[in-house]
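Because only heavy atoms are used, hydrogens play no part in the values below, and waters and symmetry mates are left out as well, while side chains stay in. A quick note: this is a predicted structure, and the numbers were derived from the prediction, not measured.
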Amino acid sequence: MVKFKMIRYNNKEYPPNIPCNINEVAGNFDKPEMTQNGRYSLHTEYSFGKRKFDSTFLNELNEIKSANKNGIPQLWKSKAWAKEFVMFIERFLENSVAPEIIEIHPPFIDYCKTINDFLEIYGEFEKLILEKYADVNLFIENRCGTNYGKKFLISNSDDVVNLCEQLSKKNYRLQMVLDYPQLFSGESLSSDKLDKNNITEIMIKVKSCKKYFGGIHLWGKKKTNERWCAHNGDLNTLFNMDNERKELFLKLLYETFDDDISRYMVLEVNSDTSDLKSIAGDLETHEFKFI
């Protein structure tokens with residue numbers, strides 16, 4: 001059986017028959033003060049675009065404020081940065097209950113060149129954050145898409161496998177939350193270039209790492225003015241209205257997680273709620289269970 005706990009994204013309403021008791025909360029470096037009293041997942045800085053770095057939560061956190069390129073945050077720049085990142089999170093969550101999940105994002109390859117370099121820095125963060133939030137789930141998301149000008153360290157399927165192989169040698173709590181649309185983009189495959197062969201190759205490759213997957217992200221892409229717009233549309237538009245490719249994806253997704261282990265899922269849909277309901281409907285049709 002495939003079982004997922006759903007996380008609400010962007011305040012979108014799920015169909016009434018799908019339980020959704022966890023909210024995703026933005027925790028980027030420019031986010032203002034907030035308070036959470038229920039279950040939530042903290043989605044930390046993801047380095048897409050420029051930040052102001054003028055939040056009071058960053059007062060005297062000079063490693064974080066200085067680690068940027070043209071205003072875009074350079075995550076995991078050093079162990080000192082990792083220590084300050086813990087301080088930032090503690091300040092940001094001061095008036096909230098403990099998070100169920102803290103989701104982090106990878107560094108860029110121009111200053112952090114290997115997975116081991118990243119994990120050496122990350123280890124300092126995990127040690128300190130677990131002193132504050134002993135029961136938290138720690139997830140890292142694969143990333144593709146930024147104005148930075150360089151690739152993220154964990155972007156394509158080879159990166160995912162490499163990370164999981166290195167995690168197998170560490171005693172870390174860190175798991176992946178695998179963003180499938182970003183994974184395809186990380187392979188330089190837009191929706192009109194995805195075919196059955198590369199869908200199968202990519203998904204079977206990462207399936208070997210599922211032990212280290214704590215959750216997944218799904219969303220659609222929609223072509224507007226000759227450009228593919230992320231987080232818009234549903235799985236139909238993600239696969240360029242090719243039902244055979246969509247069905248193959250859903251079949252392989254089910255086979256990947258058919259192990260009776262409960263994981264988390266976020267439907268990261270910015271477009272109309274009907275697109276979210278369409279994705280949820282496709283999952284229900286393929287016997288995914290929501291708990």
Side-chain angles (χ1 to χ4, degrees), residues 3-48 51-61 64 73 75 82-105 122 125-141 173-179 213-219 231 261-273 275-277 279-280 283 288-291:
K3 300 188 297 185
F4 282 100
K5 292 174 276 191
M6 305 304 287
I7 298 175
R8 191 182 314 280
Y9 173 81
N10 208 16
N11 293 317
K12 286 283 193 299
E13 288 298 322
Y14 280 79
N17 60 307
I18 297 180
C20 186
N21 303 309
I22 310 167
N23 290 318
E24 180 171 287
V25 173
N28 60 63
F29 289 146
D30 284 355
K31 186 71 176 176
E33 184 177 1
M34 64 93 197
T35 301
Q36 293 292 315
N37 296 313
R39 297 170 68 189
Y40 69 100
S41 171
L42 180 68
H43 186 262
T44 63
E45 180 58 58
Y46 52 95
S47 293
F48 174 79
R51 297 297 183 195
K52 297 177 182 178
F53 295 99
D54 60 359
S55 166
T56 56
F57 300 124
L58 291 173
N59 285 350
E60 299 181 6
L61 300 186
I64 288 179
L75 308 177
K83 291 177 181 179
E84 289 193 355
F85 193 39
V86 173
M87 295 173 65
F88 166 77
I89 290 173
E90 289 180 350
R91 291 175 181 181
F92 186 69
L93 300 183
E94 183 179 7
N95 297 318
S96 297
V97 298
E100 188 160 336
I101 298 165
I102 295 176
E103 183 178 321
I104 63 171
H105 302 89
Y122 165 80
F125 168 84
E126 180 169 306
K127 178 181 68 176
L128 295 172
I129 204 71
L130 292 180
E131 290 176 1
K132 178 69 175 180
Y133 308 112
D135 299 322
V136 73
N137 295 285
L138 296 170
F139 292 165
I140 184 167
E141 178 187 14
R173 188 176 295 185
L174 186 64
Q175 292 183 289
M176 282 210 68
V177 56
L178 191 65
D179 188 306
F213 297 164
I216 66 172
H217 291 177
L218 288 181
W219 39 276
H231 303 286
I261 295 173
S262 298
R263 295 177 173 87
Y264 295 88
M265 183 189 295
V266 187
L267 300 183
E268 292 187 330
V269 177
N270 286 330
S271 51
D272 193 87
T273 304
D275 290 325
L276 182 147
K277 291 180 178 178
I279 298 173
L283 294 169
F288 286 73
K289 304 300 181 184
F290 308 110
I291 61 174

| field | Geometric class of the F88/F85 ring pair [parallel <30°, tilted 30-60°, perpendicular >60°] | value | parallel
| request: Calculate, to the nearest 0.5 Å, the distance between atoms CD1 and CG belonging to I89 and L42 respectively. | output: 6.0 Å
| Shortest non-hydrogen contact from C20 to I7? | SG-C, 3.8 Å
| message | Measuring only between side-chain heavy atoms, which start at C-beta, is Y264 closer than 4.5 Å to N137? | response | yes
| Donor-acceptor contact below 3.5 Å, side chain R263 vs main chain F213 | yes
| Step by step, would you call F290 with N17 a side-chain contact (heavy atoms from CB on, under 4.5 Å)? | CA-CA 9 Å; F290 308 110; N17 60 307; over 6 Å; no
| query | Rounded to the nearest 0.5 Å, what separation is found between the CD atom of E94 and the OG1 atom of T35? | reply | 10.0 Å
| said: Between S262 (side chain only) and K3 (backbone N and O only), is there a donor and an acceptor less than 3.5 Å apart? | reply: no
| said: If I compare all heavy atoms of R91 with all of N59, which pair ends up nearest, and what's the gap? | reply: NH1-O, 2.8 Å
| note | The reported gap from NZ in K83 to CG in L61 (rounded to nearest 0.5 angstrom) is 13.5 Å
| said: Using the salt bridge (charged side-chain N to carboxylate O under 4.0 Å, His left out) criterion, which residues pair with K132? Sequence neighbours excluded. | reply: none
| query | Do the non-hydrogen side-chain atoms of S96 and Y40 ever get within less than 4.5 Å of each other? | reply | yes
| said: Below 30° counts as parallel, above 60° as perpendicular, anything between as tilted: where do the rings of F53 and F29 land? | reply: tilted
| query | Does NZ in K277 sit with more than 12 non-hydrogen atoms of other residues, nucleotides or ligands closer than 6.0 Å? | reply | no
| field | Any donor-acceptor N/O pair, H43 side chain to E103 backbone, under 3.5 Å | value | no
| request: Please examine the side chains of F92 and M34, heavy atoms only from C-beta on, and report whether any two atoms are closer than 4.5 Å. | output: yes
| request: Tell me, please, which residues at least two apart from R173 pass salt bridge (charged side-chain N to carboxylate O under 4.0 Å, His left out). | output: none
| Backbone of V266 reached by a side-chain donor or acceptor of H217 within 3.5 Å | no
| remark: Distance col, row L218:CG vs F288:CZ, nearest 0.5 angstrom, shows 8.0 Å
| message | Taking the side chain as everything from C-beta on, heavy atoms only, tell me whether I102 gets closer than 4.5 Å to T44. | response | yes
| field | Worked check of side-chain contact (heavy atoms from CB on, under 4.5 Å) between I104 and L174 | value | CA-CA 10 Å; I104 63 171; L174 186 64; 4.2 Å; yes
| said: Could you check whether N23 and Q36, counting side-chain N and O atoms only, form a donor-acceptor pair closer than 3.5 Å? | reply: no
| task | Taking atom types as modelled, find out whether Y46 and E141 have a side-chain donor-acceptor pair closer than 3.5 angstrom. | result | no
| Side-chain heavy atoms of L130 within contact of L138, under 4.5 Å | yes
| Note, S55 side chain near K31 side chain (heavy atom, < 4.5 Å) | no
| query | Any donor-acceptor pair under 3.5 Å linking the side chain of N28 with the backbone of D30? | reply | yes
| query | Has the side chain of Y133 got a donor or acceptor atom that lies under 3.5 Å from a matching backbone atom of I101? | reply | no
| said: Which heavy atom of V177 sits nearest to which heavy atom of I216, and what is that distance? | reply: CG2-N, 3.7 Å
| Contact summary for P15 and L276, nearest pair of heavy atoms | CD-CD2, 4.2 Å
| request: Begin with the C-alpha distance, continue with both residues' side-chain angles, and end with the deciding distance and a verdict on side-chain contact (heavy atoms from CB on, under 4.5 Å) for N270 and Y9. | output: CA-CA 9 Å; N270 286 330; Y9 173 81; 3.2 Å; yes
| If every non-hydrogen atom of H231 is compared with every non-hydrogen atom of E268, which pair is closest and at what distance? | ND1-O, 3.0 Å
| task | Answer yes or no: does atom CG of N11 have more than 12 heavy-atom neighbours from other residues, nucleotides or ligands under 6.0 Å? | result | no
| said: Is the shortest side-chain heavy-atom distance between L283 and F4 below 4.5 Å? | reply: no
| note | Nearest heavy-atom contact between M6 and Y14 is CE-CE2, 3.5 Å
| request: Check whether the side chains of D179 and W219 place a donor and an acceptor atom closer than 3.5 Å, and report yes or no. | output: yes
| query | Counting only N and O atoms by type, is there a donor-acceptor contact under 3.5 Å from the side chain of K12 to the main-chain atoms of S271? | reply | yes
| message | Around atom CG of D135, are there more than 12 heavy atoms from other residues, nucleotides or ligands closer than 6.0 Å? | response | no
